[in-house]
Structure formats: C-alpha cells, structure tokens
Amino acid sequence: MSAASAGFSREERLLKKQQFQRVYGQGRLCRGRHFWVYFLANNLEYCRLGLSVANRFCPNLVLRNRVKRIVRECYRNKKEAWGPGRDFVVVLKRLPAPLNLSSVCPELLSLLKVAYEKNSN
RNA sequence: AGAGCAAACCGGAUGGUCGCGCCCGAAACGGGUGAGGAAAGUCCGAGCUCCACAGGGCAGCGUAGUGGGUAACGCCCACCCUUCCCGGCCUUGCCGGGGGGCGGAUUAGAGCAACAGUGACGAUUUCCCGUAUGGGAAGUGAAACGUGGCAAUCUCUACGCGGAGCAAGACCAAAUAGGAGGGGGACGGCCCGUCCGCAAUUCCUCGGGUUAGGUCGCGCCAGAUUCCGUCGGGUAACCGGCGGGACCAGAUGAAUGACCAUCCUCCCAAAAGGAGACAGAACUCGGCUUACAGGUUUGCUCUCUUU
RNA sequence: GGGCGCGUAGCCCAGUUGGUUAGAGCACCUCCCUUACAAGGAGGGGGUCGUAGGUUCGAGUCCUACCGCGCCCA
C-alpha cells in the first residue's frame, strides 16, 4: 500500500489501544482552536492517523461521524502536508461551528506546519 | 381557493471525479453492492443457542368486557358498556359524527378514609311528624348507613409464564500452571420426582496466566418477507388461490463519505449568498412508544367566489 | 449489543398500610459572644420531590411514557 496514493487504507490507521497510548505518552502536542494533534515518529515509510472524538464535546452521534469523516478527507486530500514516517492522533476539543471541509482543513494544515517546526528543532 | 382535524405515504433528484466496507474475479486504473421509518428507547412477543429431558406442586410475575385476526403478543379489528366534545330535533331524552377508557370480582375475607363534621362504617347533633319503633329535613364533607366508596391497597377468580441471553454458544491456536480451600451436581426461591456421579472428569471461591487472539454463529435463490393486478371469504383486522414484479449491507477503535455541476424546496422584495428535518445497522423478525423540516393523496367540517 | 439500578434544599441523605404546611446533618444569611477571626449559642431563608400524563376527594409515595446519570458481561 503506497503512501503516495490518495487513499486511506487500514494500514494507515491507528487501531489498537497500545498504539494510541504510545503516541499520547511519548509524542508531542500541538493545540489548535478546535483540535489537538499528537504526533510521534514511527519507523515506517508511511504515516498513520488515529482519531479521537469524545462524547462530551459532541453528543450527537451523526455529527461525531461527520467530524471523523472530514478529518479523514483532509488527510487524504493533502497527504503531502502530513509527511511520511509519523503517527498522528487528532483529538476533538471543541465542535467547529460550520462543520465543513473548507473550514476545518486549513486549521489542521496550520497545526501541521507548527508540528513540522517543532520536529525540526 | 383558503383554514382546521384525522389517516396513509414520501422523506431531495440526476450525472461526474476521488475515497471506504463487503462479494465475484488469477489479476486489473475490472464489475457488483452498500443505513432507517424510526436503524432509537429496550416496553412486549417470537425465531435461534445453551442450561443432560425441560417434569409436577407451592411461591413469584404478567394479563383482564365479549368475539375474532395472528407464528405469538400486553399488538390489531369489530361490537357492547362507560365518559367527554360537536351538531340536530318530534327538547330533558333520543339520533348522527368524532375522541378517551389497565373496562373481571367488594353477598370469600382483611385494610384504608386526613381536615371539617354529632357521627367516616355498627355512629345518632339539631329541628319537624310521631306514644314508641320509625320517617323526613338541616349542616359538614369527595363520600352520611345503602345489602355504600377505594381492587393502578392486600386479596380472590380465570388464563398464561422454566431460566438466561449472540458478550448466548461451538471450534482452533498460544501462554502460565498442572495450585489451595469448599461442596454431591443438574435446579435458577422452596419441596417432590427424574437423571448423572461414587471421587473429585464436573460445580463454586481464591490465587496465577494470556491474547481485549482467530474462525464460525453472521446473511440468505430464501421467506411468519413485500408490492401490484384479479378472484373468493369476512363489517373489519386479516386469510386463501392465480399471474407478474421487487428484495442478497454485514462492519468489529466498527464502511455507507467529500467535492463539482444542473434541477427542486425554504430564508431574503430581488440578486449574491446560505440552508435542506429527526437522525446512523451490529443475530434476525412482528408490534408499541418516542423524535421529525417539508410535501403528496384521501375523507370530514367551516368560510369565500362563480353558476 | 444485552442485562440491572438510581434521581428529594447548594452537597450527602431520611421520608410505608397515599392524608393537612416534606424533615435531619454540613454549607449560607442575621444577631449574641470577641479588640478581631475561628469555635460556640440563638434565629432564619432556601424545594414546582427529574419531566409530562393518568388513578384517587387528595399523590414525594401507586401506574404509564419520556429525560438525565451510574454499574455489570468473554
């Protein structure tokens, strides 16, 4: 499964609880207005994405699914911005008021720029 | 034409690009398919699985007019009874339409009834009639002695119910141990009966260990499915025959989405722009209840216009 | 997914054969005591009993439906 394609397969997801705990414990954190992004280097050629959308910040299940799908779309369309070889966990902290791809994606991309600067330092 | 009420149904449409789950295929930049009327609440009823068979009685729980429908039901339909609303009149009771009703039994028994009131279930205040028994009235109160009221109080009667639930259950692999204590067990509250067993294979508790392991169950050329037409039975719910059509999501940190274009509806006087309800399958069905923007059809009532 | 339980004052809780105006403790407010604070004493306020409907003369209590929390399972 090549990371250059615009897909989002099962290999590129964080599924197990241990994988999440590793990123939370050893990774670094960038805080945004609506999302927090944890990231940690892995030894793979592709990067992996985990999502955490808590019930207390978004009580409606349909909106929770929409948040996850929008973040996945942002990962899929702008995959070069996420870069290879790292694990990400995107955590919802506040529900964005217009829940669109066009309003959520720039916030995540700016968070990723900050993450790259932190990583280079 | 408008408004109100009731019922049934629909619940944005089409095309393109990218993406995800599953299936077919040796493979493909291949093909197919992919949320709902409530998927929800888990309130009922079943299928299915295990408890060796799923036995009897008591206890417990549930239901409650009559009859029917259904695989079954606490669901649905019809009728009776009762009650409310509207309308009419041969006006104090009937008729028509619509709605509500957990609607058995208080001569089997027990219990309860605050305050007020003489008195709240065997009590007798005041006044009147009366020799007396008794009768009538006043007042209080929801109810005042009547073979009363409350069974959504216990209870009785009739009927029904074994228990748990797909995290049920079956198989496979890996790992630690081949431990300690207790008890006959199935049987879940008790008793009886039956079966297994005669020493710890099984059961419970404690201690230790392992993967939140994998496959099946789990999704269907099949059906308690659903639609249309027709015929027959029935007031109806519904059932039966014939013909034709439709329906194959099966995930497991859990797919069903995003963008673009055109159209539809709404917001705004118009354009630009924005919005498109409630809400997301988890073993599968039949109901009930709850949430729901907007729209369509049918029926009834009222108002206006035309004739 | 499936089972089970709980909602009463700001907080932790009582409240049984349905009965008048729902009750303790901590907290809060006022007064006394003290130079002042704390402790102590006296007094007081604060509740649509989670919401709605029903049974009843009368529901915190009984029944039904919703809402919000919490626990358990191989």
Side-chain angles (χ1 to χ4, degrees):
Chain A
M1 192 57 64
S2 74
S5 74
F8 182 57
S9 70
R10 190 161 290 273
E11 302 260 327
E12 303 173 56
R13 301 182 189 185
L14 292 181
L15 300 173
K16 298 276 180 181
K17 187 180 180 179
Q18 295 162 355
Q19 298 172 339
F20 276 84
Q21 290 299 324
R22 198 178 75 91
V23 178
Y24 284 143
Q26 305 172 20
R28 307 189 65 171
L29 173 62
C30 278
R31 304 184 187 195
R33 181 173 170 77
H34 301 108
F35 296 96
W36 291 5
V37 177
Y38 292 84
F39 59 95
L40 179 66
N42 58 0
N43 295 323
L44 303 170
E45 295 181 352
Y46 50 90
C47 71
R48 296 185 295 187
L49 178 65
L51 295 169
S52 169
V53 181
N55 199 4
R56 50 179 299 205
F57 300 114
C58 177
N60 195 348
L61 190 139
V62 177
L63 293 181
R64 261 199 321 271
N65 277 336
R66 256 185 100 179
V67 169
K68 290 199 241 176
R69 283 162 182 163
I70 284 171
V71 175
R72 273 186 217 137
E73 284 294 318
C74 179
Y75 169 82
R76 209 171 56 72
N77 294 333
K78 299 284 189 336
K79 194 174 275 190
E80 63 278 358
W82 297 73
R86 285 196 286 180
D87 288 342
F88 293 92
V89 176
V90 177
V91 182
L92 178 77
K93 283 293 163 182
R94 189 177 303 164
L95 197 63
L99 195 56
N100 292 330
L101 182 60
S102 57
S103 67
V104 168
C105 200
E107 180 187 344
L108 282 172
L109 291 179
S110 67
L111 277 177
L112 289 174
K113 271 183 75 177
V114 175
Y116 256 117
E117 289 165 4
K118 274 193 184 180
N119 201 23
S120 59
N121 287 343

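Within every chain, numbering begins at 1; the chains are lettered A, B, ... in the order of the sequence lines, protein sequences first and strands thereafter. Please read these numbers as outputs of a predicted model, since none were measured by experiment.
- Interatomic distance, Tyr116(A) OH to Cys30(A) SG, rounded to the nearest 0.5 Å: 12.5 Å.
- A sub-4.0 Å separation between OP1 or OP2 of rA254(B) and a side-chain N or O of Arg72(A) is present.
- Within the nucleic acid shown, Leu14(A) comes within 4.0 Å of sugar-phosphate atoms alone, with no base atom in reach, counting heavy atoms only.
- In this structure rC242(B) sits in a base pair with rG229(B), meeting the Watson-Crick or G-U test at under 3.5 Å.
- Looking at heavy-atom distances under 4.0 Å, Leu101(A) makes contact with sugar-phosphate atoms alone, never a base.
- Rounded to a whole angstrom, the distance from the C1' atom of rG280(B) to that of rC24(B) is 28 Å.
- Pairing for rC61(B) is with rG160(B), a Watson-Crick or G-U wobble pair whose two hydrogen-bonding atom distances lie under 3.5 Å.
- Between Arg69(A) and the phosphate of rU256(B), there is a side-chain N or O to OP1/OP2 separation shorter than 4.0 Å.
- Counting to the nearest Å, the C1' atom of rC278(B) and the CZ atom of Arg66(A) are 15 Å from each other.
- The line from NZ of Lys68(A) to OG of Ser52(A) is 9.0 Å long, rounded to the nearest 0.5 Å.
- The side chain of Arg76(A) sits closest to rC18(B) out of rA254(B), rG280(B), rC18(B).
- Straight-line distance from the NZ atom of Lys68(A) to the C1' atom of rC20(B): 14 Å, rounded to whole Å.
- For the pair Gln26(A) (side chain) and Arg22(A) (backbone), a donor-acceptor distance under 3.5 Å is absent.
- Atom C1' of rC6(C) sits at a distance of 45 Å from the matching atom of rU201(B), rounded to the whole Å.
- Base orientation of rG253(B): syn, since the glycosidic angle falls within 90° of 0.
- One atom, CG of Asp87(A), and another, P of rG253(B), lie 18 Å apart when rounded to the nearest Å.
- Dashed line: the shortest gap from a side-chain N or O of Asn60(A) to OP1 or OP2 of rG280(B) is under 4.0 Å.
- Nucleotides rU17(C) and rC112(B), compared at atom C1', are 8 Å apart to the nearest Å.
- Checked by atom type and distance alone, the side chain of Glu107(A) pairs as donor or acceptor with a backbone atom of His34(A) at under 3.5 Å.
- Judged by distance alone, with hydrogens and angles left aside, the side-chain atoms of Arg72(A) form no donor-acceptor pair with the main-chain N or O of Phe8(A) at under 3.5 Å.
- Residues Glu73(A) and Arg13(A) each lie close to RNA chain B; by heavy-atom proximity, the contact nearer the 5' end of the strand is made by Arg13(A).
- Anti is the glycosidic conformation of rG217(B), whose angle departs from 0 by more than 90°.
- With a cut-off of 3.5 Å on both Watson-Crick or G-U wobble distances, the partner of rA3(B) is given as rU301(B).
- With both pairing distances under 3.5 Å, rU211(B) is matched to nothing as a Watson-Crick or G-U wobble pair.
- A 3.5 Å limit on both hydrogen-bonding distances identifies no Watson-Crick or G-U partner for rU56(C).
- Of the possible polar contacts, none joining the Asp87(A) side chain to the Phe39(A) backbone as a donor-acceptor pair under 3.5 Å is found.
- Mapping Phe20(A) and Val62(A) onto RNA chain B via the closest heavy atom, the residue that lands nearer the 5' end is Phe20(A).
- Under a 3.5 Å cut-off, the side chain of Arg64(A) and the backbone N or O of Cys58(A) do form a donor-acceptor pair.
- Rounded to whole Å, atom C1' of rG257(B) lies 13 Å from atom CZ of Phe8(A).
- Figure legend. rG165(B) is base-paired to rC48(B); pairs are counted as Watson-Crick or G-U wobble with both atom distances under 3.5 Å.
- Using atom C1' as the reference point in both rU235(B) and rU265(B), the two lie 43 Å apart (nearest Å).
- Rounded to whole Å, the separation between the C1' atoms of rG19(C) and rA114(B) comes to 4 Å.
- Syn is the conformation of rA35(B), whose glycosidic angle sits no further than 90° from 0.
- Atom pair Arg64(A):CZ and rG257(B):P shows a separation of 17 Å (rounding to whole Å applied).
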